There are 2 protein chains.
Amino acid sequence: MLKSKVTISDVAKAAGVSSSAVSYALNDKPGVSAATRDKVLKVADKMGWRPNSAAKSLSDASTRSIGLVLTYDTQVLSVETYTMELISGLTAELEAEGYSLLVRSAHSARSEMDVLKEWIATGAVDGVLLLNIELGDPRVELFSAHPEMPVLLLCDTSMSGGLTALADDEQGSAHLLVDYCHELGHQRIARVAGPERFGHTFTRDNAFMEETAELDLQYSCFHTDYSPEEGRRCTERLLSLPKPPTAIIYDNDVMAVAALQTAAKLGVSVPDQLSIISWDDSFLCNVSSPSVTALSRNVVRRGHQSARMLLDMIDGEDVESMIDAPSELVFRDSSGPLAG
Amino acid sequence: MLKSKVTISDVAKAAGVSSSAVSYALNDKPGVSAATRDKVLKVADKMGWRPNSAAKSLSDASTRSIGLVLTYDTQVLSVETYTMELISGLTAELEAEGYSLLVRSAHSARSEMDVLKEWIATGAVDGVLLLNIELGDPRVELFSAHPEMPVLLLCDTSMSGGLTALADDEQGSAHLLVDYCHELGHQRIARVAGPERFGHTFTRDNAFMEETAELDLQYSCFHTDYSPEEGRRCTERLLSLPKPPTAIIYDNDVMAVAALQTAAKLGVSVPDQLSIISWDDSFLCNVSSPSVTALSRNVVRRGHQSARMLLDMIDGEDVESMIDAPSELVFRDSSGPLAG
DNA sequence: TTGTATGCGTTATCAA
DNA sequence: TTGATAACGCATACAA
C-alpha cells in the first residue's frame, strides 16, 4: 500500500511550525497569528492535505455517516422504487453536510439486528434510519436501550415506543381514498393490503375500518406480501364473491397493475365495472393501460426530511416526532363511477 | 454523549491482564496462553466488547467499506430499477465479508469528482465502483493517477484506460437483437439510444452498425436522454419517415413502454405493423400491454460480481477485466413478424 | 502566539 | 508467555 497521504505533521514540518498550529489554522480556530495561518493554509493546499477520516472519527467520535439496512429481498427491490427514491432524497440532503449513507443488507430480521447491534457497539455510524417497523419490533427495544445512538423510525407514532418517528398521514390518506370512492357512488369497496405484521398496514386497517363505517360502506380486506402474484390471486377471489366489490384499493402499485391484467382476463371492465386505485404512485401507474389512479407520496421529499431530522438529532437537538405532508390523489383512468 | 462503549483496556482491567494480551486473544493470534485466552474471551463476551471501527480503521488503514456515488437525477432514479438492483447485489455480496457500501450523491460530474478525490485523500473507503463512464471520462485519469485505490469500472474495456472493468457483452447483445429482427423478416430497423457521451451508447452504436451492415439491413438511430418524453418524440419522428422502420429497439425499458402509447396514439398496431424491443428488462415490460420483448441483464448478479472483484482487489489480488455473462432475450408480445 | 504533551482505541513491537 | 510502549492522524488542554 502506497502511503502517499499527507498528514498534519508533514504540513507542520514543511511550514516550519508545530502540528497544533497547523490544526488550529486548518480548522479555523483561534490560537494562531494571521501570518502563520496564511502560511499553513498555503502549504497545506499545495501539499494537498485532507484530514484522514479514520483519525478524525477516532478523535471526535463521529463518522459523518448514517446507517441504513436493506432487508427487502431482491425480488421486491427490483420492482419497487420506494427505497431508491428514499435513498435519493436521503443522500441529497446528507451531501450538503458532507455526510454519507452507510448501507448494509440483511437477509433476515435477525441479521438486521446483528448489524444494528454492531453499529451501536462499534460506533460505525452517527445515526440510524429504520424502515418497515413491525408490531412489537425488537429494533424499538434495542434503540430504547441505547439512547446515545440517534435513530429515526419511518412509522406511525403509535408503534415507535417513544422514539422519534416520521409518520405517514395514513388516516388522512384513508379518508381521501374512502371519500373519493364514496363520491363516485361505490357501496362495496375492498382493500388488498400488505403483510399484517407491518405497522403501517395495521394503521391503515384501522383507518379504513373507521372511514368506511362512518359512511356506511361495505368493506373487506385481504393481507398479502405485495407481490404481483398475490395481487392477482386476491383480485380473483374478490371478484368471485357473490357480491363483489366495485372498487379495490391496493397497498402498492405493483399489485394494482397486476390486478389490471386479472380484471382483463376475467372480462371485468376497468373502470366501468371496477375501479382500481393504488396506494403508491409510480411510473408504473402512469404507463399501464388504463393508467392507474394513485396516491402520490413524494418519497424523495420524505428522504430529505428524514435526513434533516437525523442530522438535527446528531447535532444534539431534541427532535419531535412528526407527520409527513399529506398525500395527493392523482386521478387517472382506472377509476370512475359505475357504468352500464 | 454517553460513553458506554467497552474498550480493550476495560476488558484488560476486568480480566486482570494487559491490553496487548487482550488484543492477541481477541484476534486469535499467538502470544497468549490458552488459559488467559479463554478468560479474556469470556470476559470480553460478557462485557459485550466490539472493536471500535474508527480505531481499527486508523490502526490498519482500512474502512471495510466501498464507495458508490449516485449521480442520476431524482427523476430517473424514481423510474429505473437498475441502480437499486445493482446496490442490492453489491450489498448482499459485501455482507458476507462484513463490508458496507458507502453511498454519496452528487448533483454534477464536478461534484462527483470532488467526492472521489476526497475519498482518495482521506481514505474513507477501501475501494470504489464507477458507473456510467463517458468518453474521455476524467474519473479514469483520476484513478490512473492513484493506483493505491482499488477501483472497478462498469464499462467497456475500450474506455477503461487500463483500469479494471466489468463490461457488458454489448456486441453479443447487439448480435442477438439484430439477428432476431432479421429472422422475423424486418428489413428496416431503428434504435432509440441513450446519450451519445455515454461509453456504452458508443459501444452499442458501433456494434449495431456492424451487425446491420452484415445482414444488409437499413438502420437508423436517434440519441436521447432515456426519458419517456424523448422516447415518445423519437418514436413519432421515426414513424413519420417516408419509409418508417418496422422494428425499433429502445436503449431502456422506460422509453420502450412510452413508445407503446405513441404507437397506439398514431394507430400503429404492435406487433403487427411495428415490433418494439427494450434493451433493458424490468417489471415494466412485463405489465405493459402488450408486454414488451426485452433483453434481460440480471443486474443483481452483476452487483454480486462487482463486489467480488472489488473485494479481491482490496485483498491485493491482480484482478483482470472481464465481460459479464451474455444477456438473454425474453420474448413477449410486442415483437413478431409483419402482418397484414 | 507558540510548541509540547496527551487522549481517542487498536494493532504491533520490544523488552522482561 | 507476558506487560509496557510506540504508532496510526487528529484535536486540544496546558505550559512556555
Side-chain angles (χ1 to χ4, degrees), chain A residues 1-41 43-44 47-64 98 118-124 126 148, chain B residues 1-41 44 47-64 98 118 120-124 126 148:
Chain A
M1 162 114 21
L2 265 160
K3 47 170 298 178
S4 60
K5 303 283 165 57
V6 181
T7 74
I8 262 191
S9 57
D10 292 334
V11 176
K13 222 167 287 173
V17 294
S18 78
S19 64
S20 57
V22 174
S23 179
Y24 286 136
L26 293 169
N27 290 314
D28 214 23
K29 295 208 169 161
V32 278
S33 65
T36 41
R37 162 164 295 143
D38 285 354
K39 186 166 64 180
V40 166
L41 288 179
V43 172
M47 298 179 76
W49 176 87
R50 303 249 46 199
N52 175 280
S53 67
K56 203 179 179 85
S57 293
L58 181 59
S59 181
D60 61 14
S62 88
T63 61
R64 299 191 80 76
E118 190 187 314
W119 279 346
I120 291 173
T122 67
D126 293 352
E148 76 275 16
Chain B
M1 165 110 23
L2 266 160
K3 47 171 297 180
S4 61
K5 303 282 164 57
V6 181
T7 76
I8 264 192
S9 59
D10 292 334
V11 176
K13 222 167 287 173
V17 295
S18 77
S19 64
S20 53
V22 174
S23 179
Y24 285 135
L26 292 170
N27 290 313
D28 215 23
K29 294 205 169 163
V32 278
S33 64
T36 42
R37 161 164 296 144
D38 284 354
K39 185 167 62 180
V40 167
L41 288 178
M47 299 179 74
W49 176 88
R50 302 251 46 200
N52 174 281
S53 67
K56 200 177 179 89
S57 293
L58 180 58
S59 182
D60 64 13
S62 87
T63 61
R64 298 192 81 75
E118 190 186 315
I120 291 173
T122 66
D126 293 352
E148 77 274 16

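Residue numbers begin at 1 in each chain, while the letters A, B, ... track the order of the sequences. From a predicted model like this one, the values you see are computed outputs, not experimental measurements. What you see below is based on every heavy atom in this structure, not just the backbone, and it leaves out hydrogens, waters and symmetry mates.
If you check every strand for non-hydrogen atoms under 4.0 Å, Ser9(B) touches nothing. Within the nucleic acid shown, Asp60(B) has no heavy atom closer than 4.0 Å to any nucleic acid atom. At a threshold of 4.0 angstrom between heavy atoms, the contacts of Ile8(A) are confined to the sugar-phosphate backbone, with no base atom among them. Note on Arg50(B): only backbone sugar-phosphate atoms sit closer than 4.0 angstrom, heavy atoms only; bases stay farther off.
Within residues 20-35 of chain B, the residues having any heavy atom under 4.0 Å from DNA chain C are, by residue number, Ser20(B), Ser23(B), Tyr24(B), Asn27(B), Lys29(B).
Taking Ser9(B) as the reference, Thr7(B) meet the side chain to side chain contact (heavy atoms under 4.5 Å, CB included) condition, with sequence neighbours excluded. In terms of the side chain to side chain contact (heavy atoms under 4.5 Å, CB included) criterion, Lys13(A) has no residue partners (sequence neighbours excluded). Under the side-chain hydrogen bond (donor to acceptor under 3.5 Å, both in side chains) criterion, Asn52(A) pairs with no residue, sequence neighbours left out. Listed by chain and number, the residues in a side-chain hydrogen bond (donor to acceptor under 3.5 Å, both in side chains) with Ser18(B) are Ser20(B) (sequence neighbours excluded). In terms of the side chain to side chain contact (heavy atoms under 4.5 Å, CB included) criterion, residue partners of Ala121(B) (sequence neighbours excluded) are, by chain and number, Arg50(A). Scanning for side-chain hydrogen bond (donor to acceptor under 3.5 Å, both in side chains) contacts around Thr122(B) gives an empty result, with sequence neighbours left out. Listed by chain and number, the residues in a side-chain hydrogen bond (donor to acceptor under 3.5 Å, both in side chains) with Ser59(A) amount to none (sequence neighbours excluded).
In this structure, Lys5(A) does not reach the dG9(D) phosphate: none of its side-chain N or O atoms is under 4.0 Å from OP1 or OP2. The side chain of Thr7(B) contributes no N or O atom lying less than 4.0 Å from OP1 or OP2 of dG9(C). In terms of phosphate contacts, Trp49(B) brings no side-chain nitrogen or oxygen within less than 4.0 Å of OP1 or OP2 of dG9(C).
If you take CZ of Arg37(B) and P of dT2(D), they are 10 Å apart, rounded to a whole angstrom. Between Asn52(B) atom CG and dG7(C) atom P the separation is 17 Å, expressed in whole Å. Asp10(B) has its CG atom 13 Å from the C1' atom of dC8(C), to the nearest Å. Across the protein-nucleic acid pair, Lys56(B) atom NZ and dT10(C) atom C1' stand 8 Å apart, rounded to whole Å. For the pair Leu58(B) CG and dG7(C) C1', the interatomic distance rounds to 12 Å; values are reported in whole Å. When rounded to the nearest whole Å, the span between CZ of Arg64(A) and C1' of dC10(D) equals 14 Å.
Checking side-chain atoms of Asp10(A) against main-chain N and O of Val6(A) turns up no donor-acceptor pair under 3.5 Å. With Arg37(B) contributing its side chain and Lys29(B) its backbone, the two residues share a donor-acceptor pair below 3.5 Å. Although no hydrogens or angles enter the test, the distance criterion places no donor-acceptor pair under 3.5 Å between the side chain of Asp126(A) and the main chain of Ser62(A).
Picking from dG3(C), dT11(C), dA11(D) the nucleotide with the shortest atom distance to the side chain of Ser59(B) gives dT11(C).
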Wobble G-U and Watson-Crick pairs count when both distances are under 3.5 Å; given that, what is the 5' to 3' dot-bracket string of DNA chain C, with | for pairing to other strands?
|.||||||||||||||
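With DNA chain C read from its 5' end, the first of the two nearest nucleotides for Thr36(A) and Ser19(A) is the one closest to Thr36(A).
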